[in-house]
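See structure below.
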Number of protein chains: 2
Amino acid sequence: MEPTKRPKRVTITDVAARAGVSTAAVSKVLRNAYGVSPAMQERVRAAMAELDYRPHAAARGMRGRTYTIGVLLDSLRNTFFADILDGVQQQLRGSDYTVLIGAAGFGASEQARTVQSMVDRQMDGLILIAPGTSRAEVLATAETVPTVVIGHHDTAAVHDSVVDADDQGAALVVDHLAALGHRRIALLAAPGLKGSQWKLTPEAVLAKGYTAAMKRHGLAPQALAAAYSEEGGYEAGKRLLSAADRPTAIMAGADVAALGVYRAAAELGLGIPGDLSLVGYNNTAVAALAPVQLTSVDQAGATMGATAARMLIERVEGRRSQAMQTAMTPRLVVRSSTAAPHAD
Amino acid sequence: MEPTKRPKRVTITDVAARAGVSTAAVSKVLRNAYGVSPAMQERVRAAMAELDYRPHAAARGMRGRTYTIGVLLDSLRNTFFADILDGVQQQLRGSDYTVLIGAAGFGASEQARTVQSMVDRQMDGLILIAPGTSRAEVLATAETVPTVVIGHHDTAAVHDSVVDADDQGAALVVDHLAALGHRRIALLAAPGLKGSQWKLTPEAVLAKGYTAAMKRHGLAPQALAAAYSEEGGYEAGKRLLSAADRPTAIMAGADVAALGVYRAAAELGLGIPGDLSLVGYNNTAVAALAPVQLTSVDQAGATMGATAARMLIERVEGRRSQAMQTAMTPRLVVRSSTAAPHAD
DNA sequence: CCGACTTTGTAGAACGTTCTCCACGATGGG
DNA sequence: CCCATCGTGGAGAACGTTCTACAAAGTCGG
């Protein structure tokens with residue numbers, strides 16, 4: 001009749017028939033629930049193996065879990081997220097959970113739509129990496145699904161958080177540059193998310209730490225907004241470096257932005273580190289590349305990811321109900337993009 | 001407040017009640033199926049808006065589609081995939097489909113598990129980027145779910161393909177280097193996937209094109225296997241450059257591997273492009289960075305992604321049943337990592 | 001006006017799980 | 001022995017959709 005389009009799936013019913021038990025029994029084995037004798041256990045497992053049975057996650061989602069963890073991020077281009085994700089995957093390896101990633105772009109509404117998609121797909125837990133969605137929306141989501149927020153320092157009773165001590169990171173950089181003899185040290189940080197209600201975004205905390213450290217050294221802070229992209233760094237760098245008394249050192253809140261500054265400096269004929277010391281943030285793989293050699297701040301992305309995953313699973317499996325925050329200590333990685341400034 | 005944990009969802013039943021119609025009617029409106037009067041259409045839409053209704057994708061999956069497209073890739077670290085994904089997202093913007101990404105790592109079995117996860121989650125279509133899974137498994141999957149394979153040149157009646165003309169890409173590079181006067185031009189390409197049954201992986205086609213071009217120029221080909229990672233490029237580069245008559249130019253099958261070669265050259269005191277010309281592949285964002293300036297081959301990743309998405313949706317929505325292949329023409333982007341070799 | 005269509009809307013059966021009850025037999029204390 | 005308890009397994013109702021039938025109400029040509 002029909003050209004047999006799609007081969008039909010093996011279902012729990014098939015397994016039950018094969019093992020000569022009820023579907024309820026198979027379900028119990030599947031979830032290793034209480035009330036199953038070892039004998040039946042084994043028979044069912046054998047039947048599942050013979051038929052190459054795999055539970056239909058979509059169907060599971062109708063009643064219980066889908067064994068899916070969603071990770072929201074803005075862009076795949078920031079390889080720091082790859083570090084985080086490695087940690088997540090590693091932590092979840094061997095478990096039954098699958099990680100699916102939504103790359104939503106930088107728009108708040110697109111991110112919100114992506115998060116909703118994940119909720120609609122009945123994901124068991126969400127990891128939101130520095131979400132641009134409004135705080136209210138994140139809180140509403142967290143009310144529905146276990147959620148871990150990475151990046152933002154704002155805490156909430158309803159979701160867990162994993163952050164890096166960005167203020168300490170900024171201090172490390174300022175101390176390093178000040179020790180080299182720099183006095184005009186500028187900061188490029190992402191512009192705030194307007195109206196998003198997040199008070200303590202990574203960039204805000206970074207800026208706070210930077211300002212405090214500068215004051216501690218008796219130096220005048222100079223901060224400029226720059227999108228965390230090559231282009232953003234380039235534009236801000238161009239402005240800073242064309243000014244009358246240009247800084248002798250620039251720290252950027254992301255490696256990729258620092259590399260934009262690099263291009264601006266190159267165009268203006270400024271050598272690095274001769275005429276300008278440059279520091280990035282995140283210590284992504286690019287920073288370590290032979291031709292790049294960018295001094296940066298390591299955030300142990302993999303550890304952050306692993307921690308987030310562990311915390312999330314605790315929540316998903318109901319082993320913890322209190323919210324929790326984890327902070328990582330950053331570490332300065334000095335490479336050859338920083339040096340003492342010219343003698344004035 | 002009540003201590004009730006999870007607020008219940010708005011379902012199709014709620015909408016039906018609000019609009020004073022049957023759930024079947026609401027479903028029809030949702031799928032804009034045949035047999036709905038404009039009046040009812042409007043009433044239902046109003047009710048959906050009032051209640052802020054969103055269809056439950058997991059439930060949809062039980063019967064029909066989930067409006068989800070899965071993208072399989074090995075690692076987020078290769079930013080070429082970000083280009084592809086941008087294209088996919090852009091093509092699907094405004095549609096009802098959500099894109100979810102599985103980063104499965106390089107292992108064949110892990111990739112297979114990830115693909116199965118996607119099938120189990122009842123995704124409507126899959127885009128597999130240079131899958132390491134065996135060909136047989138991919139064919140089996142494509143039998144069940146509409147699938148587009150990106151990268152591998154092997155065609156099949158059961159899935160669509162989007163490829164880059166890698167042989168042409170290799171020729172572009174060899175021609176460029178030969179024109180500069182190079183005669184010892186080595187190729188670093190990924191090792192084949194053993195036992196995977198793919199005959200025409202991107203790297204195999206690249207190697208073929210390279211060999212043909214070298215012969216055309218009367219030059220002796222010299223190919224070496226190298227994983228497409230910084231480390232892989234470094235190791236292969238070290239070996240090549242320490243040998244007696246080291247090549248004066250190296251082309252790598254991926255930018256990231258070329259950057260590994262860069263490190264090897266730096267360690268051996270070889271300048272680029274003075275002592276060694278270096279060419280990458282994919283023209284990822286790193287290649288264009290100010291301190292990098294790597295000559296590379298552009299593959300129009302975004303276009304590949306957009307094309308793959310368009311082809312996939314045609315299949316998903318049943319507008320096409322014949323398999324289809326699309327090939328892109330690569331373009332050489334010359335930067336400052338290539339120059340004439342030293343006069344011998 | 002009458003039958004034959006067409007259009008619009010509904011009832012209700014899937015889909016593949018989970019999970020709450022419930023039944024049944026075996027055990028054991030009194 | 002009787003009755004409560006326990007351990008094991010099964011029946012069957014959800015879960016939120018889709019979609020096939022089918023009923024009811026027009027519409028229209030003759």
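Naming convention: chains lettered A, B, ... in sequence-line order (proteins, then strands); numbering from 1 in each chain.
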Practice item. Counting heavy atoms from C-beta on, name the nucleotide in C/dT18, C/dG9, D/dA11 closest to the side chain of A/Ser22. Key: D/dA11

Point to revise | Degree of bending, the helix from C/dC1-D/dG30 to C/dG30-D/dC1 (end axes from five pairs; round to 10°) | key: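 Axis-to-axis angle, ends of the helix: 50°.
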
Review point. What do the steps show when you test A/Arg45 against A/Gln41 for side-chain hydrogen bond (donor to acceptor under 3.5 Å, both in side chains), and what is the final call?
Key: CA-CA 6 Å; A/Arg45 287 209 187 287; A/Gln41 173 98 233; 2.8 Å; yes

Hey, which of [options] is the one that makes side-chain contact (heavy atoms from CB on, under 4.5 Å) with [X]?
{"X": "A/Thr141", "options": "A/Val158, A/Leu126, A/Leu72", "answer": "A/Leu126"}
{"X": "B/Val162", "options": "B/Ile129, B/Ile150, B/Thr303", "answer": "B/Ile150"}
{"X": "B/Leu73", "options": "B/Leu128, B/Thr114, B/Ile101", "answer": "B/Ile101"}

Would a distance-only check, ignoring hydrogens and angles, find a side-chain to backbone donor-acceptor pair under 3.5 Å from [X] to [Y]?
{"X": "A/Asp124", "Y": "A/Thr66", "result": "yes"}
{"X": "B/Arg121", "Y": "B/Ser117", "result": "yes"}
{"X": "A/Arg315", "Y": "A/Thr147", "result": "no"}
{"X": "A/Arg31", "Y": "A/Ser27", "result": "yes"}

**Study point:** Residues which pass side chain to side chain contact (heavy atoms under 4.5 Å, CB included) with A/Gln197, listed by chain and number, not counting sequence neighbours
**Key:** A/Ser134, A/Arg135, A/Ala136

Within the sub-3.5 Å range, which N or O atoms of nucleotides 21-28 of chain D have a protein N or O partner, and how far apart are they?
none

Check your understanding: Which heavy-atom pair separates A/Phe80 from A/Met304 by the least distance, and what is that distance?
Key ->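 Looking at all heavy atoms of both residues, the shortest contact is CZ-SD, 4.1 Å.
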
**Study point:** Worked check of salt bridge (Lys or Arg N to Asp or Glu O under 4.0 Å) between B/Asp120 and A/Arg9
**Key:** CA-CA 10 Å; B/Asp120 295 345; A/Arg9 286 187 72 94; 3.0 Å; yes

Which pairs, protein N/O on one side and nucleotides 14-16 of chain D N/O on the other, fall under 3.5 Å?
residue, atom, partner, partner atom, Å
D/dA14, N3, A/Arg63, NE, 3.4

Point to revise | B/Ser109 vs B/Arg113, side-chain hydrogen bond (donor to acceptor under 3.5 Å, both in side chains): CA-CA, chis, key distance, verdict | key: CA-CA 6 Å; B/Ser109 66; B/Arg113 278 211 320 151; over 6 Å; no

Review point. Hey, which of these two, B/Met40 or A/Arg31, hits DNA chain C nearer its 5' end, going by closest nucleotide?
Key: B/Met40

Taking only N/O atoms, report every protein-nucleotides 5-7 of chain D pair under 3.5 Å with atom names and distance.
residue, atom, partner, partner atom, Å
D/dG7, OP2, A/Tyr34, OH, 3.3

Practice item. Describe the nucleic acid contact of A/Ala24 in one word from base, sugar-phosphate, nothing, applying a heavy-atom distance below 4.0 Å. Key: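 Base: the residue A/Ala24, judged by heavy atoms under 4.0 Å, touches a nucleobase.
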
Check your understanding: According to a strict under-4.0 Å criterion, is A/Ser27 in side-chain N/O contact with OP1 or OP2 of C/dT18?
Key ->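 Affirmative; the distance criterion is met.
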
Check your understanding: Could you give the CG-to-C1' distance, from A/Asp124 to C/dT18, as a whole number of Å?
Key -> 14 Å

**Study point:** All ring-ring contact (aromatic ring centres under 6.0 Å, His included) counterparts of A/Tyr97, not counting sequence neighbours
**Key:** A/Tyr67

